[in-house]
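Scroll down for the structure; my scribbles are underneath it.
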Amino acid sequence: MTKTAITPTRSDDYPEWYQQVIKAADLAEVSPVRGCMIIKPWGYALWENIQRILDSMFKATGHKNLYFPLFIPLSFFQKEAEHIEGFAKECAVVTHHRLITNEEGKLVPSSPLEEPYIIRPTSETIIGEAFSRWVQSYRDLPLLMNQWANIVRWEMRTRLFLRTTEFLWQEGHTAHATAEEAQEETLRMLNVYTEFAEKYMAMPVIQGEKTASERFPGADATYTIEAMMQDKKALQAGTSHFLGQHFSKTFNIQYLSAEGKEEFAWTTSWGVSTRLIGGLIMTHSDDDGLILPPKLAPLHVVILPILHKETDREEILNYCQTLAEELKELSYYNNKIAVEVDTRELTGGEKAWSWVKKGVPFRVEVGKKECDANTVYAGRRDKTYKERYAQDRSKFILTLTEQLDDMQNNLFARAKAFQQKNMIKIDNKKDFYEFFSKEESGFALAHWNGSAEIEAQVKSDLSVTIRCIPLEKNPESGICIFSGEPSKQRVIFARAY
């Protein structure tokens with residue numbers, strides 16, 4: 001039996017494997033605050049890279065960053081009945097504004113607020129109120145905004161990165177003069193998310209529209225990108241919402257048109273969160289730990305000095321240091337290659353495995369043999385630990401960016417092949433129920449007549465939901481496998497996180 005760095009393995013216990021990968025990579029840990037997490041430096045460095053790249057993509061499409069308060073007046077939510085109904089059970093509420101010491105010497109809340117505050121579960125209401133003041137004329141539109149923030153939604157069952165009471169995210173909010181412009185914006189940002197997921201995370205996704213029951217509270221339409229994890233469950237990796245005029249009418253976001261007529265604006269919102277890190281882990285990692293796509297890795301190359309004799313120390317460390325300096329001169333997608341020389345007092349094996357578990361794309365071992373031959377002994381994280389190779393030092397430097405790209409492309413191709421292998425067209429109810437009787441099933445593409453009752457029944461029977469109605473130019477019409485009625489196109493059913 002092959003020994004693995006992570007136990008249990010994916011096949012033994014996938015949920016526990018996921019937790020152990022996070023622990024071994026030192027990404028995050030459970031905090032003393034129930035349902036919340038502490039994101040550790042390696043995990044936060046990954047989030048910073050996600051944030052940096054997405055932020056540049058948002059700005060390239062004309063969006064500007066701003067920041068709104070963490071607290072939202074309760075009255076703002078009460079103005080939008082559908083919205084508050086969708087979030088009511090998840091809201092954290094601030095009701096007092098000070099603490100006092102009671103007779104037992106314990107701190108207790110005192111001085112109730114005149115109006116309670118909701119700790120931000122999302123910001124459509126407070127941003128809608130601001131937009132009503134900022135938008136006066138058609139000349140003020142479009143208004144293209146984004147904020148990087150934290151969110152609080154009470155969760156009963158939490159899992160690091162995937163579902164926590166507090167999490168980090170970005171939320172875009174825009175206002176437009178016409179429905180067509182707002183719809184175009186909604187799909188533009190869905191495309192930005194798709195590009196980021198596939199080009200940077202190496203995570204293939206399927207674009208689609210959510211059904212009415214899965215729609216964002218208060219939206220006319222919600223669009224999603226859905227990814228397949230290695231246990232064949234779906235992960236909603238990002239959403240973009242066409243809000244119509246719901247929030248503009250509630251918060252009076254009106255503008256004077258070019259014809260001198262008062263009109264209500266059309267708004268959108270869209271977001272991704274630290275859940276992407278969970279998606280990245282479950283898309284690529286193996287039974288030896290985390291695997292990071294080079295375009296997002298906080299570190300591209302770790303150099304491991306192998307010191308057997310004290311007399312060789314100076315020569316080997318000098319070789320490692322000069323190699324690191326040469327590599328740092330290289331650029332990879334407009335950023336310098338990130339390199340670290342690991343000089344910790346550990347054995348070579350301990351060092352190497354610690355970086356394997358962290359998912360660093362390249363490990364480079366340097367001992368006396370490499371110094372004498374002017375070579376490196378390299379290992380690539382998307383290959384097995386034993387698939388290490390000796391390479392001329394100058395050639396390694398010359399081909400490193402090429403090799404990083406090859407790894408990035410290989411991770412995407414591997415994930416895409418897995419997705420395709422585990423998507424199946426199903427044309428009758430019996431086969432559908434048999435398919436989802438297995439613990440690990442996959443994505444089923446089946447015809448559905450649009451009935452919310454059927455959707456609810458499938459969810460009740462199998463814990464399976466419609467992940468999305470795929471965005472297709474020429475959808476294939478057919479017969480609903482549940483009712484025998486006409487169906488406009490196949491939809492994707494799956495179990496999900």
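These numbers come from the heavy atoms of this one structure, side chains and all, not from hydrogens, waters or symmetry mates.
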Report summary line: Of Lys210, Gln183, His241, the one forming a side-chain hydrogen bond (donor to acceptor under 3.5 Å, both in side chains) with Tyr223 is Gln183
Query raised in the report: Gln147 pairs by side-chain hydrogen bond (donor to acceptor under 3.5 Å, both in side chains) with which of His173, Gln170, Lys64, Glu171?
Result: Glu171
Side chains of [Y] and [X]: any donor to acceptor distance under 3.5 Å?
X      : Y      : value
Tyr44  : Gln51  : no
Thr268 : Thr174 : yes
Glu129 : Ser132 : no
Asn374 : Asp392 : no
Glu387 : Thr384 : yes
Asp405 : Tyr333 : yes
Asp231 : Tyr497 : yes

**Report entry** NZ or CZ of Lys358 within 45° of Trp42 ring axis and under 6.0 Å
**Finding:** yes
Query raised in the report: Should the pair Arg388 and Tyr385 be classed as cation-pi, given the thresholds of under 6.0 Å to the six-membered ring centre and 45° from the axis?
Result: yes
Please check this pair: side chain of [X] against backbone of [Y], looking for a donor-acceptor N/O pair closer than 3.5 Å.
X      : Y      : value
Thr283 : Gly279 : yes
Asn318 : Glu314 : no
Thr9   : Asp12  : yes

Report summary line: Interatomic distance, CD1@Ile50 vs NZ@Lys295, rounded to 0.5 Å, equals 14.5 Å
**Report entry** Identified ring-ring contact (aromatic ring centres under 6.0 Å, His included) counterpart of His300 within the set Tyr332, Phe362, Trp355
**Finding:** Tyr332
Query raised in the report: Got more than 12 heavy atoms from elsewhere within 6.0 Å of NZ, Lys328?
Result: yes
Query raised in the report: Are there more than 12 heavy atoms of other residues, nucleotides or ligands under 6.0 Å from atom NZ of Lys459?
Result: no
